[in-house]
Amino acid sequence: MTFDAIFQPLRFRSLTVKNRIFRSNVSGRFDNYDGSGNPTRINWETKFARGGVGAIISSFVPVHLRGRIVPNYAMIDHDRHIPFWRAVGRAVHEYDCRFILQLSHGGRQRDINGIEYPIGLSSTSKSDPLHGFRCEAMTTAQITETVAHFAEGARRAREAGLDGVELHGANGYLITQFLSSAINDRTDEYGGSLENRARFVLEVVRAIRARVGKDFHLQMKISAQEFDDALAFLGLGSSGNTLQESVQVCQWLVEAGVDAIHVSSGSFFPHPRNPAGADFPVEDLVKSYDTMISNGERTFANFLLFKGAGGLARRRWNQAAGPPEEIEGKNLPDARAIKAAVSVPVICTGGFQTASVIAKALGAGDCDAVSIARPLIANNDLVEVFRSGRDRAEKPCTYCNRCLVNVVENPLGCYDETRFPSRDAMVAQIMSVFDPPPFVETV
Ligand SMILES: Cc1cc2nc3c(=O)[nH]c(=O)nc-3n(C[C@H](O)[C@H](O)[C@H](O)COP(=O)(O)O)c2cc1C
Ligand code: SF4
């Protein structure tokens, strides 16, 4: 069987990608505490470039120290980081793979604060409801500064020779905190109506265009539907932005100069629907969540809930996630609606790992490309599997989400032991990211 639709090049306004599979934003805490890069990240990204993806979209790259979500993620907040990102770009370019850097600011949503800025910035002064990370509402001056930080990040990415940037406007981070009707409680010109809530991200887009010009690829990841009430049993809010509102925001983004839309969902992260799991891995979560206990106002209570009432937490989360058979292509209906309303290509994320499903979505015009995270962690060579005519990898990703709950504490890799001949084989796969080692060991 051939899956020709997957292997057609995709032309954006100023970027061409050789096929329709993008590595979605994902990485472990492989870099240095101070935000400088580390060769382990190059090993990580190279795995996917070698495996045949057309483009890699980086994980969360903070544009400012106060916007980081966890230490040990490489940043783009200073010119001194340009050489590192240049090295990352060169390494993946060797495989004719493009590299798009995700410009990010966490706002109030974090995993581990780090020592520099224990209190985050946001559209609101309400703590994040999941973990209770404290924050303060940004002043107009802080908004203006943050817009400039995004523009400088884009300029640095361009100087590093990367192929484009993506705004992390999805999953509850700072841009979502402005866009979301469930989160943004401002009474100034950045809150209230949809137009006001979109003002921050549109200012970011215009500032980036003013800084890097028209011919540098710029895309936006957006949560088309927020489902902020998915954990209503924890007292979490209204449903948040609707698909219709997001369609309007996407139209404004394109008018302002965005070249592609990357469709996701959820007003916080992780969210039952993103990354949607087959079963909430509460036992693994208890082993790593301790890392976060001292950081948020609700983290200790959450830890006790996961430890003492794990069955309940698992049932509630699974209910909100929906049936496992609906994970693959979960966001496709939203991607289709957005694609019908905008003139730029649309990339869809969420569960993709079957060539015939992807080819069908592309053929039907639901989206122009798919982005894949967990199934590529499970099978780095998935694109080559498809190229050889196989519909699925021999051992597909089980959507167990053990990779996700381990990542705050342990290296990122596949943690589903059932996919490996032994636990040792699983550990060897995880640890392979440190080969070659990041520094020269002395005897
Ligand atoms: C461990 C892990 C880390 C992630 N980090 C990011 C991130 O930094 N930025 C982002 O936009 N999405 C992030 N995501 C979401 C993925 O990019 C992807 O959109 C989501 O997992 C759904 O795709 P999948 O079903 O192919 O995994 C992460 C997902 C996982 C599992
Ligand atoms: S741990 Fe492995 S099988 Fe489970 S979701 Fe992550 S990549 Fe997929």
Side-chain angles (χ1 to χ4, degrees), residues 21-31 41 44 48 53 56-62 67-70 73-74 100-106 109-111 165-176 219-224 262-266 268-281 284-285 288 321 324 326-332 335 347-354 357-358 370-380 382 393 395-420 426 429-430:
I21 310 279
F22 288 53
R23 203 295 309 279
S24 197
N25 325 74
V26 78
S27 156
R29 297 177 58 193
F30 299 134
D31 305 298
R41 155 103 45 175
W44 173 255
F48 305 97
V53 299
I56 288 172
I57 322 175
S58 80
S59 61
F60 189 108
V61 182
R68 74 174 173 182
I69 46 173
V70 69
Y73 264 33
I100 298 168
L101 183 139
Q102 187 178 48
L103 296 173
S104 311
H105 193 299
Q109 184 169 282
R110 303 160 121 188
D111 298 317
V165 286
E166 173 176 279
L167 291 179
H168 197 348
N171 310 143
Y173 299 103
L174 183 64
I175 291 176
T176 310
Q219 62 185 48
M220 160 92 171
K221 193 172 191 186
I222 189 167
S223 289
H262 184 184
V263 178
S264 182
S265 65
F268 50 90
F269 188 85
H271 185 283
R273 298 177 64 96
N274 178 58
D279 192 15
F280 186 57
D284 284 56
L285 181 59
S288 59
E326 289 176 14
I327 292 175
E328 183 155 14
K330 212 175 184 60
N331 297 316
L332 267 179
I347 305 161
C348 184
T349 195
F352 292 103
Q353 63 174 339
T354 312
V357 172
I358 298 168
V370 299
S371 76
I372 305 180
R374 294 166 302 168
L376 276 166
I377 298 175
N379 292 288
N380 300 164
L382 190 57
K395 288 194 179 291
C397 168
T398 59
Y399 307 121
C400 72
N401 269 344
R402 289 194 172 86
C403 51
L404 174 77
V405 299
N406 268 282
V407 76
V408 283
E409 194 162 85
N410 299 314
L412 185 57
C414 180
Y415 282 79
D416 185 352
E417 216 175 312
T418 66
R419 298 188 56 256
F420 296 89
M426 180 188 84
Q429 164 269 148
I430 294 165

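For ligands, and for the atoms within them, numbers begin at 1 and follow the listed sequence.
- Atom 2 (Fe) of ligand 2 has no N, O or S atom of Cys397 closer than 2.8 Å.
- Atom numbering of ligand 2 starts at 1 in the shown order; those under 4.0 Å from a heavy atom of Arg419 are 3 (S).
- Side-chain atoms of Arg374 and Ile327, non-hydrogen and from C-beta on, do get closer than 4.5 Å to each other.
- Checked against a 3.5 angstrom limit, the closest N/O atoms of Ser24 and ligand 1 fall inside it.
- Residue-ligand proximity, Tyr399 to ligand 2, at heavy-atom distances under 4.0 Å covers atoms 5 (S).
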Worked verdict on Val370 versus Ile21 for side-chain contact (heavy atoms from CB on, under 4.5 Å): CA-CA 5 Å; Val370 299; Ile21 310 279; 3.9 Å; yes

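- Of the N or O atoms in Glu166, none lie within a sub-3.5 Å distance of an N or O in ligand 1.
- Ring orientation note: the planes of Phe48 and Trp44 are nearly perpendicular, at an angle over 60° on the 30°/60° scale.
- The closest protein non-hydrogen atom to atom 6 (Fe) of ligand 2 is Cys403 SG, 2.4 Å.
- Heavy-atom minimum distance, Asn401 versus Ala276: ND2-C, 4.1 Å.
- Not one N or O of Ser264 is nearer than 3.5 Å to an N or O of ligand 1, by distance alone.
- Listed here is the closest heavy atom pair of Ile377 and Cys403: CD1-SG, 4.5 Å.
- For atom 4 (Fe) of ligand 2, the nearest protein heavy atom (residue, atom name, distance) is Cys400 SG, 2.4 Å.
- The option from Thr349, Asn331, Leu376 that lies nearest to atom 23 (O) of ligand 1, judged by heavy atoms, is Thr349.
- A donor-acceptor pair shorter than 3.5 Å cannot be found between the side chains of Gln353 and Asn379.
- Here the side chain of Arg29 pairs no donor or acceptor atom with the backbone of Glu409 at under 3.5 angstrom.
- When non-hydrogen atoms are compared, ligand 1 lies under 4.0 Å from the side chain of Gln102 (C-beta onward) but not from its backbone.
- Closest approach of Phe60 and Tyr173 over heavy atoms only: CE1-CD2, 3.7 Å.
- Considering backbone and side-chain atoms together, Ser59 places no N or O closer than 3.5 Å to any N or O of ligand 1.
- Of the listed options Pro275, Cys397, Gly28, Pro275 places a heavy atom closest to atom 21 (O) of ligand 1.
- For ligand 1, the polar-atom distance check against Ser27 finds no nitrogen or oxygen pair separated by under 3.5 Å.
- Arg273 and Asn331 share no donor-acceptor pair across their side chains, judged by distance under 3.5 Å alone.
- Taking every non-hydrogen atom of Arg374 and a distance limit under 4.0 Å, the qualifying atoms of ligand 1 come out as 24 (P), 25 (O), 26 (O), 27 (O), 31 (C).
- Considering all non-hydrogen atoms of both residues, Pro62 and Arg68 come closest at CG-CB, 3.6 Å.
- Side-chain polar atoms of Asn410 and Ser288 form no donor-acceptor pair below 3.5 angstrom.
- Near Pro375, with a cut-off below 4.0 Å to any heavy atom, the atoms of ligand 1 are 26 (O).
- Residue-level proximity to ligand 1 for Asn274 is carried by the side chain, the only part with a heavy atom below 4.0 angstrom.
- Those atoms of ligand 1 that come under 4.0 Å of a heavy atom in Lys221, given as number and element, are 10 (C), 11 (O), 12 (N), 17 (O), 19 (O).
- Residue Phe60 approaches ligand 1 through these ligand atoms, each under 4.0 Å from one of its heavy atoms: 7 (C), 8 (O).
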Pair His168-Asn25, side-chain contact (heavy atoms from CB on, under 4.5 Å): steps then yes or no: CA-CA 10 Å; His168 197 348; Asn25 325 74; over 6 Å; no

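- Arg374 O, 3.4 Å is the protein heavy atom nearest to atom 7 (S) of ligand 2.
- Ligand 1 lies within reach of Gly351, whose nearest heavy atom is under 4.0 Å from it.
- Backbone and side-chain nitrogen or oxygen atoms of Phe352 are examined, and none is located within less than 3.5 angstrom of a nitrogen or oxygen of ligand 1.
- Scanning both residues, Leu332 and Cys348, for their nearest heavy atoms gives N-SG, 3.8 Å.
- Using a 4.0 Å cutoff on heavy atoms, Phe269 counts as a contact of ligand 1.
- Nearest heavy atom pair, residue Ala321 against residue Lys330, reads O-NZ, 3.1 Å.
- The shortest side-chain heavy-atom distance between Pro275 and Phe269 falls under the 4.5 Å cut-off.
- Considering both main-chain and side-chain atoms, Ala373 comes within under 3.5 Å of ligand 1 through a nitrogen or oxygen pair.
- For ligand 2, the atoms sitting less than 4.0 Å from at least one non-hydrogen atom of Asn401 are 4 (Fe), 5 (S), numbered in the order shown with element in parentheses.
- For ligand 1, the atoms lying closer than 4.0 Å to a non-hydrogen atom of Val26 are 1 (C), 2 (C), 3 (C), 4 (C), 30 (C).
- Considering only non-hydrogen protein atoms, atom 6 (C) of ligand 1 sits nearest to Asn25 O, 3.0 Å.
- The protein heavy-atom contact nearest to atom 2 (Fe) of ligand 2 is Cys414 SG, 2.3 Å.
- Every atom of ligand 1 with a heavy atom of His168 under 4.0 Å away is listed here by number and element: 9 (N), 10 (C), 11 (O).
- Residues Ser59 and Arg41 have side chains in contact (heavy-atom distance under 4.5 Å, counting atoms from C-beta outward).
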